[in-house]
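A quick write-up on the structure given underneath.
Proteins come first, then strands; the chains are lettered A, B, ... in the order of their sequence lines, and each starts at number 1. The model shown is predicted, which means the values in this text are computed figures rather than measured ones.
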Amino acid sequence: MKKIIQAVKGTRDFYPAEKAVITFLYQTIREVSESFGYQEYDGPFLESIDLYAAKSGEELVKEQSFVFPDKSGNLIALRPELTPSLVRMIAQKQRQLHFPLRWWSFGPFWRYESPQKGRGREFFQWNADLIGAASPEADAELAALLASLFRKLGLGPDQVQVYVNNRRLMEEELRVMGIPDGLHEIVFKIIDRRDKLADQDWQAYALDLGLDGKQFSAVQGLLEDRELWKKSPELPRFFEAVDALGAADYVAYAPRIIRGLDYYTGTVFEAQAVSSTVRRSVAGGGRYDNLMADVGGDPLPGVGFAMGDMVLSVILKELDLLPPDRDASPARVMVTVFSEDTLLASYQLAAELRAAGLDVYSYPTPEKLGKQFKHADRVGARLALVQGPDEIKAQAVAIKDLASGEQKTYPRSEAAGAIRELLDKPPAA
RNA sequence: GCGAGAGUAGCUCAGUGGUAGAGCUCCGCACUGUGGAUGCGGCUGUCGCGGGUUCAAAUCCCGUCUCUCGCCCCA
């Protein structure tokens, strides 16, 4: 084999079967987003590094972004997330937009990380945001939107859950426990790692980061309190609204959910697979009430989430929830070419059928019919049409159903109708 | 950045020092107006790359690159 330049690490080649998965997700996401009244938008794929420097969190900007200088020396980043672009876009047109607004987006993002299962360096992300409403009910709508996608994809509440917590609640609790404000970020980091470490290791980690024994057991107790949400002024309303939206089965309280991004201010949530070979979150989001003011806009509350395509795809594949026949030709009908002399007649026939609204392709060269039938079968066509000298003489077309093996000859004028009928029939077993 | 595993035909992989293999795919024929099934035949390799040990290396050693999985972090 000749040397082939390798694909860039962490990127994927989207052969038709893989591209079909992305398209399927995009379509399903569009349907769900639009059913909640969200409008599609997008930001640039390239952004100034300064956009992220402010608020995205050190790690994300310094370690995980693809950054390069342009010809004038400005540092440009391939977008690692969308929220900062969204916030800028809104700040720029704040007076022209009608709030609250609901926007969604689906596009590529880049992060410089080491690739592994469910994670690459180039991935797609669904973003949905509701800007200009500060209520817990608005938070609930986003959680319900996420749950609706799962339901639509065929993922049940026993397979994926949206876990919810509230940062203000956690901060208040820490304060009550006598943990100084300066330690809160550290405690959040400790909580965030609860699931990833064994009990002993987790305790050691916590003490190592500066908690004393008493504070540690207090934090431990906090994480075991399944009823903690009742102390929040927001979460009871949140859960009532989730229930009203019909998504209660997908949404649960989990005190361990904190989220890494610095800009979250209130309710945060994270979707996780209940049982899967990927122990990685499917989606994450939350409320960010200060972000708009931080980038220089008028203060405006917002809530939103992002969902990557990679973990979701792994789960859908594991549960066999991806659409079948992803590698099949979109044309279910192939016109064979009998001979050099009849080639153009076959092309005409194909064009005629396309004009009648069918998806049809013609074999491009006069090969042996056997080879052409085999090709039709392999690429997933349902019907193979033959128009040889006999058919041309009789103004007819022979149509073979490759699924049943049955073949009939129809007058050419009736071909389109006959094809439609045959395609509607379920393939014989 | 750290740790582990893997790189052999287009694909999946076997091959633990002695002539580089299998299955699938592909191509041809049986079957020149008809696919799937079957049978027969055929094509395809710097054994990731570089060095070392040896009479002899896909195999042992060293280095290196890439991929996969995990850690970190996160979608």
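Each ring-ring contact (aromatic ring centres under 6.0 Å, His included) pair with one or both residues in residues 301-340 of chain A, not counting sequence neighbours, appears once here: A/Trp126-A/Phe305.
Closest contact between the side chain of A/Leu369 and the listed nucleotides B/C73, B/U34, B/G28 involves B/U34. Among the nucleotides B/U34, B/G36, B/G70, the one closest to any side-chain atom of A/Phe373 is B/U34. Distance from the side chain of A/Leu402 is smallest to B/G35 among B/G35, B/G33, B/G70. The nucleotide whose nearest atom lies closest to any side-chain atom of A/Phe123 is, among B/G33, B/A75, B/C73, B/A75. Among B/G28, B/C71, B/G33, the nucleotide with an atom closest to any side-chain atom of A/Lys371 is B/G28. Minimum atom distance to the side chain of A/Pro115 is reached by B/U68, of the listed B/U68, B/G70, B/G33. Residue A/Ala398 places its side chain closer to B/G33 than to any other of B/A75, B/G33, B/C73. When distances run from any side-chain atom of A/Lys374 to the nucleotides B/C67, B/G35, B/C69, the shortest one goes to B/G35.
Rounded to whole Å, atom P of B/C74 lies 17 Å from atom CG of A/Asn127. A/Glu113 places its CD atom 12 Å from the P atom of B/C72, with the value rounded to the nearest Å. Note: CZ (A/Phe188) to P (B/C73) measures 16 Å, nearest angstrom. Taking atom CH2 of A/Trp126 as the reference point, atom P of B/C74 lies 22 Å away to the nearest angstrom. Taking atom CD of A/Glu406 as the reference point, atom P of B/U34 lies 18 Å away to the nearest angstrom. Between A/Tyr15 atom OH and B/G10 atom P there is a gap of 13 Å when expressed in whole angstrom units. To the nearest angstrom, P of B/G33 lies 19 Å from CG of A/Leu385. One interatomic measurement links the two molecules: CD1 of A/Ile257 to C1' of B/C74, which rounds to 13 Å at whole-angstrom precision.
Side chain A/Glu391 to base B/G33: a donor-acceptor pair is found below 3.5 Å. For A/Gln64 and B/A75, a side-chain-to-base donor-acceptor distance below 3.5 Å is absent, hydrogens and geometry of angles not being considered. Between the base of B/C72 and the side chain of A/Ser114 there is no donor-acceptor pair shorter than 3.5 Å. Scanning atom types as modelled, one donor and one acceptor separated by under 3.5 angstrom connect the side chain of A/Lys400 and the base of B/G35. Remark: the A/Arg111 side chain and the B/C73 base include no donor-acceptor N/O pair separated by less than 3.5 Å. Applying the 3.5 Å distance criterion, the base of B/U34 shares no donor-acceptor pair with the side chain of A/Gln372.
Across all strands, A/Gly120 comes closer than 4.0 Å to base atoms (heavy-atom distances). Within 4.0 Å of A/Ala283, counting heavy atoms only, lie sugar-phosphate atoms of the nucleic acid but no base atom. Residue contacts for A/Phe124: at a heavy-atom cut-off of 4.0 Å it reaches no nucleic acid atom on any strand shown. Using a 4.0 Å heavy-atom criterion, one finds that A/Val386 contacts the bases of the nucleic acid, with or without backbone contacts as well. Residue A/Asp390 is in base contact, counting any heavy-atom pair closer than 4.0 Å across all strands shown.
Nucleotide B/C11 has B/G23 as its partner under the Watson-Crick or G-U criteria, with both atom distances under 3.5 Å. With a cut-off of 3.5 Å on both Watson-Crick or G-U wobble distances, the partner of B/U68 is given as B/A4. Across all strands shown, B/U34 forms no Watson-Crick or G-U wobble pair with both key distances under 3.5 Å. In a base pair of the Watson-Crick type (N1 to N3 plus N6-O4 or O6-N4) or a G-U wobble (N1-O2 and O6-N3), with each distance short of 3.5 Å, B/G63 is matched with B/C49.
Residues A/Tyr288 and A/Ile131 are in side-chain contact: their nearest non-hydrogen atoms beyond the backbone lie under 4.5 Å apart. Contact annotation: the side chain of A/Gln215 approaches that of A/Leu183 to within less than 4.5 Å [non-hydrogen atoms, C-beta and beyond].
Ionic pairing of A/Glu122 and A/Arg111 is not present here: no N-O contact between side-chain nitrogen and carboxylate oxygen is shorter than 4.0 angstrom. The existence of a salt bridge linking A/Glu113 and A/Arg121 is excluded, since no basic side-chain nitrogen approaches an acidic carboxylate oxygen closer than 4.0 Å. A salt bridge does not link A/Asp13 with A/Lys19: every distance from a Lys NZ or Arg NE/NH1/NH2 to an Asp or Glu carboxylate oxygen is 4.0 Å or more.
For A/Phe109 and B/A75, the ring-to-base geometry does not satisfy the stacking test (centroid distance below 5.5 Å, interplanar angle below 30°).
Nucleotides B/C47 and B/C11 have their P atoms positioned 15 Å apart, rounded to a whole Å. Spacing of P atoms, B/U66 relative to B/U54, comes out at 32 Å, to the nearest Å. To the nearest whole angstrom, the two C1' atoms, one in B/U19 and one in B/G10, are 25 Å apart. Between B/A6 and B/A75, the two C1' atoms lie 27 Å apart (nearest whole Å). If you take atom C1' in B/A9 and the same atom in B/C69, they sit 26 Å apart, rounded to whole Å. Using atom P as the reference point in both B/G50 and B/G36, the two lie 43 Å apart (nearest Å). Separation of the P atoms belonging to B/U8 and B/U59 is 13 Å when rounded to the nearest angstrom. The C1' atoms of B/A20 and B/U46 are separated by 13 Å, rounded to the nearest whole Å.
One finds no side-chain N or O of A/Arg259 lying less than 4.0 angstrom from the OP1 or OP2 phosphate oxygen of B/C74. Taking only side-chain nitrogens and oxygens, A/Arg378 comes nearer than 4.0 Å to OP1 or OP2 of B/C26. Between A/Lys368 and B/U34, a side-chain N or O to OP1/OP2 separation shorter than 4.0 Å is absent.
Side-chain N/O atoms of A/Glu47 and A/Ser85 include a donor and acceptor closer than 3.5 Å.
If A/Gly405 and A/Gly308 are placed on RNA chain B by their nearest nucleotide, the residue sitting closer to the 5' end is A/Gly405. When each of A/Arg121 and A/Gln407 is assigned the nucleotide of RNA chain B with its nearest heavy atom, A/Gln407 is the one assigned upstream, toward the 5' end.
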Listing, residues 321-334 of chain A side-chain donor-acceptor contacts under 3.5 Å, not counting sequence neighbours, or none:
| residue | atom | partner | partner atom | Å |
| --- | --- | --- | --- | --- |
| A/Arg326 | NH1 | A/Pro323 | O | 2.8 |
| A/Ser329 | OG | A/Ala331 | N | 3.0 |
| A/Ser329 | OG | A/Ala331 | O | 3.2 |

Margin query: Set out, in order, the CA-CA distance, both residues' side-chain angles and the distance that settles side chain to side chain contact (heavy atoms under 4.5 Å, CB included) for A/Leu86 and A/Asn127, then state yes or no.
Written below: CA-CA 10 Å; A/Leu86 166 70; A/Asn127 280 262; over 6 Å; no
